[in-house]
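Working notes, beginning with the structure itself.
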Amino acid sequence: MATPESNEQASGTGRRAVLGAAVLGAGGTVLGLAAPARAARGAGQGHGRGRGLDSLPVPTVIGHRGASGYRPEHTFGSYQLALDMGADIVEAGDLVPTKDGHLVCRHEPEIGGTTDVADHPEFAGRRTTKTLDGVQVTGWFTEDFTLAELKRLRAVERIPANRPHNTLYDGRWEIPTFEEVLRWQDEQTRKRGKQVWIYPELKHPTYFRAFGLGLEERVAKLLRKHGKDRRNSPVILQSFEPTSVQRLRELVDNPLVVLLSDAGSRPWDFVESGDPRTTADLVTPRGLKEIASYAQGIGPTLNLIIPRDSAGRLTEPTTLVRDAHRAGLILHPYTMRNESPFLPAEFREGADPDAYGDVFGAYRAYFATGIDGVFTDQPDTGLLAREDFVNR
């Protein structure tokens, strides 16, 4: 999820203050969270009954790339832990294609920072520089590998300065395919006795379409194959490119979400087509009404909900939540992280990049705006924050 993220690469080293020590056992199992999670679902406002999106609690806790605060992102280890922590939805899949047309789950098509590809001398010649959505990027790209070749790689922690503990799991898991995720979803639903939800994102669809690797058709084909292409299917699809979401609307009936970056940014499909609108235009009442004609929700960056000032402190909330709800849209903003460098300035504690801050204070501020859910790297704290908020 969420390609354009501010403060993504906070630097430095330090010992991590493990907020989850009382929650996480040595094997990663959550202790003492199942009952509170169930209680919070009952106390949540708005949804929680019915089918499809209406069955989700409010605020919904979405495991961002799994429980990526505790395990390398987009691995079955991260996805599994998010479910163990009680996440309502797992963002299982930032979807990018392979050379032979399979869909795999990686944060970006460039995999030098999320796999051990650099340790494979047989792939040294694949390192190259490409222009990705107008930005030159050097590394290894999924579209230059077959699925069989990618399966020889193993996942590693993407931001080790912030999450040194996660490096303990480097090399443990391979890259999952989207079809493997769909089967895993069914397996986990059976084992847990409740419906498991996933929230895949289509990454850079305009970029990949130019290579003949259209994402929307591949996603739709797999969803139809597994019977998960319907309005009430537990699969929400998202993209930063509005035309990609519009294309999906013609192919499947799943709930759809348009992701929104900072106000001054332009979706890359708009850049390519010459559409002059920015995100600021999309979050006006007129822009939201247009989005509501083909999607069920938006996934704005948290800064569009409550902007930060020059010192990084929260200011007054915008009218986006109210305006989106008036247009009939749900809001699932991104991304809540426990680490101090990622939090608003007033909630930071300590200078170390891996130190936790007052994430509960930040949650209360954002939940008070009326958002319908939030993407979080640490689902355990999200569930605890929700329980505190809805039971106040």
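Both Leu237 and Leu182 are members of a single hydrophobic cluster when ILVMFWY side chains are connected at heavy-atom separations under 4.5 Å. The cluster map of Ile, Leu, Val, Met, Phe, Trp and Tyr, joined by side-chain heavy atoms under 4.5 Å apart, puts Val390 and Met336 in the same cluster. In this structure, Trp268 is not a member of the same hydrophobic cluster as Phe270, with clusters built from ILVMFWY side-chain heavy atoms closer than 4.5 Å. Residues Phe211 and Phe145 are members of one and the same hydrophobic cluster, defined by side-chain heavy-atom contacts under 4.5 angstrom among Ile, Leu, Val, Met, Phe, Trp and Tyr. Val156 and Tyr70 fall into different hydrophobic clusters, where Ile, Leu, Val, Met, Phe, Trp and Tyr are joined by side-chain heavy atoms under 4.5 Å apart, directly or via other members.
Salt bridge Glu179/Arg183: present, at least one basic N to carboxylate O contact under 4.0 Å. The pair Glu216-Arg209 meets the salt-bridge criterion, with a side-chain N (NZ, NE, NH1 or NH2) lying under 4.0 Å from an Asp/Glu carboxylate O. Using a 4.0 Å cut-off between charged nitrogen and carboxylate oxygen, Arg277 and Glu290 count as a salt-bridge pair. Looking at Arg192 and Asp84, a side-chain N of the basic residue comes within less than 4.0 Å of a carboxylate O on the acidic one, giving a salt bridge.
A 6.0 Å sphere centred on CZ of Arg126 holds more than 12 heavy atoms belonging to other residues, nucleotides or ligands. In the displayed structure, Arg286 atom CZ is contacted under 6.0 Å by at most 12 heavy atoms of other residues, nucleotides or ligands. For CZ of Arg249, the number of neighbouring non-hydrogen atoms (other residues, nucleotides, ligands) closer than 6.0 Å is 12 at most.
Arg266 and Val271 make their closest contact through NH2-CA, 3.6 Å (heavy atoms, listed as atom of the first residue, atom of the second, distance). The shortest heavy-atom contact between Phe141 and Thr128 is CE1-O, 3.7 Å. Here the closest heavy-atom approach between residue His74 and residue His107 is recorded as CD2-N, 3.8 Å. Of all the heavy atoms in Ile175 and Lys151, the pair that sits closest is O-NZ, 2.8 Å. Closest heavy-atom contact between Tyr79 and Gly93: OH-N, 3.2 Å. Listed here is the closest heavy atom pair of Leu132 and Glu108: CD2-OE1, 3.7 Å.
Judged by distance alone, with hydrogens and angles left aside, the side-chain atoms of Lys228 form no donor-acceptor pair with the main-chain N or O of Val235 at under 3.5 Å. Under a 3.5 Å cut-off, the side chain of Thr114 and the backbone N or O of Arg158 do not form any donor-acceptor pair. With hydrogens and angles ignored, the 3.5 Å screen pairs a side-chain donor or acceptor of Thr189 with a backbone N or O of Val196. Listed for the Glu346 side chain is a donor-acceptor partner under 3.5 Å among the backbone atoms of Leu314. For the pair Thr146 (side chain) and Lys99 (backbone), a donor-acceptor distance under 3.5 Å is absent. Proximity of a side-chain donor or acceptor of Asp281 to a complementary backbone N or O of Thr278 within less than 3.5 Å is detected. With Asn166 contributing its side chain and Ser68 its backbone, the two residues share a donor-acceptor pair below 3.5 Å. The closest donor-acceptor contact from the side chain of Thr167 to the backbone of Asp170 lies at 3.5 Å or more, if one exists at all. The backbone N or O of Tyr169 lies less than 3.5 Å from no partner atom in the side chain of Arg71, so there is not a single donor-acceptor pair. In terms of modelled atom types and a separation under 3.5 Å, the side chain of Thr279 and the main chain of Leu260 share no donor-acceptor contact.
For Asp388, the salt bridge (Lys or Arg N to Asp or Glu O under 4.0 Å) partners two or more places apart in sequence, or in a different chain, are Arg364. Residues passing the side-chain contact (heavy atoms from CB on, under 4.5 Å) test with Arg152 are Glu122, Phe123, Glu149, sequence neighbours excluded. Asp269 is linked by a salt bridge (Lys or Arg N to Asp or Glu O under 4.0 Å) to nothing, counting only residues two or more places apart in sequence or in another chain. Listed by chain and number, the residues in a side-chain hydrogen bond (donor to acceptor under 3.5 Å, both in side chains) with Ser78 amount to none (sequence neighbours excluded). Here Ala295 pairs with Val245, Leu256, Val258, Ile291 under the side-chain contact (heavy atoms from CB on, under 4.5 Å) rule; sequence neighbours left out. Under the side-chain hydrogen bond (donor to acceptor under 3.5 Å, both in side chains) criterion, Thr369 pairs with no residue at all, not counting sequence neighbours.
To the nearest 0.5 Å, the span separating CD1 on Ile236 from CD1 on Ile89 amounts to 4.0 Å. Atom OG1 of Thr177 and atom CH2 of Trp184 lie 13.0 Å apart (nearest 0.5 Å). Taken to the nearest 0.5 Å, the NE2 atom of His102 stands 12.5 Å off from the OG1 atom of Thr142. Interatomic distance, Glu349 CD to Asn338 CG, rounded to the nearest 0.5 Å: 11.0 Å. Note that CD1 of Ile306 and CZ of Arg308 are 9.5 Å apart. Values are rounded to the nearest 0.5 Å.
With hydrogens and angles left out, the side-chain atoms of Tyr356 and Thr381 include no donor and acceptor closer than 3.5 Å. With no hydrogens or angles considered, a side-chain donor-acceptor pair links His325 and Asp372 at under 3.5 Å. Side chains of Glu143 and Tyr207: a donor on one and an acceptor on the other come within 3.5 Å. Checked by atom type, the side-chain pair Glu339/Gln378 shows a donor-acceptor distance below 3.5 Å.
By the 4.5 Å heavy-atom criterion applied to side chains, Trp140 and Thr115 are not counted as neighbours. With a 4.5 Å cut-off on side-chain heavy atoms, Pro200 and Phe178 count as touching. In this structure the side chain of Asn254 never reaches within 4.5 angstrom of the side chain of Leu248, judged on heavy atoms. Residues Tyr363 and Val374 meet the side-chain proximity criterion, which asks for heavy atoms closer than 4.5 Å. Residues Glu241 and Arg247 are not in side-chain contact: their nearest non-hydrogen atoms beyond the backbone lie 4.5 Å or more apart. Residues Val257 and Tyr199 meet the side-chain proximity criterion, which asks for heavy atoms closer than 4.5 Å. The closest side-chain heavy-atom distance from Thr131 to Gln136 is below 4.5 Å. The closest side-chain heavy-atom distance from Ile330 to Leu56 is not below 4.5 Å.
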Practice task
Take Gln238 and Glu91 through the side chain to side chain contact (heavy atoms under 4.5 Å, CB included) test and state the conclusion after the steps.
Solution key: CA-CA 10 Å; Gln238 56 180 332; Glu91 192 196 26; 3.0 Å; yes
Exercise for the section: Decide yes or no on side chain to side chain contact (heavy atoms under 4.5 Å, CB included) for Ile62 and Tyr334, but give the supporting numbers first. Expected result: CA-CA 9 Å; Ile62 305 159; Tyr334 65 91; over 6 Å; no
Exercise for the section: Take Phe240 and Glu201 through the side chain to side chain contact (heavy atoms under 4.5 Å, CB included) test and state the conclusion after the steps. Expected result: CA-CA 8 Å; Phe240 275 101; Glu201 178 190 345; 3.4 Å; yes
Exercise for the section: Evaluate the criterion side-chain hydrogen bond (donor to acceptor under 3.5 Å, both in side chains) for residue pair Asp275 and Ser273; output intermediate values, then yes/no. Expected result: CA-CA 6 Å; Asp275 189 325; Ser273 67; 5.1 Å; no
Practice task
For side chain to side chain contact (heavy atoms under 4.5 Å, CB included), just list the numbers for Ile298 and Leu282, CA-CA rounded to whole Å, side-chain angles, deciding distance to a tenth of an Å, and then say yes or no.
Solution key: CA-CA 10 Å; Ile298 58 173; Leu282 296 179; over 6 Å; no
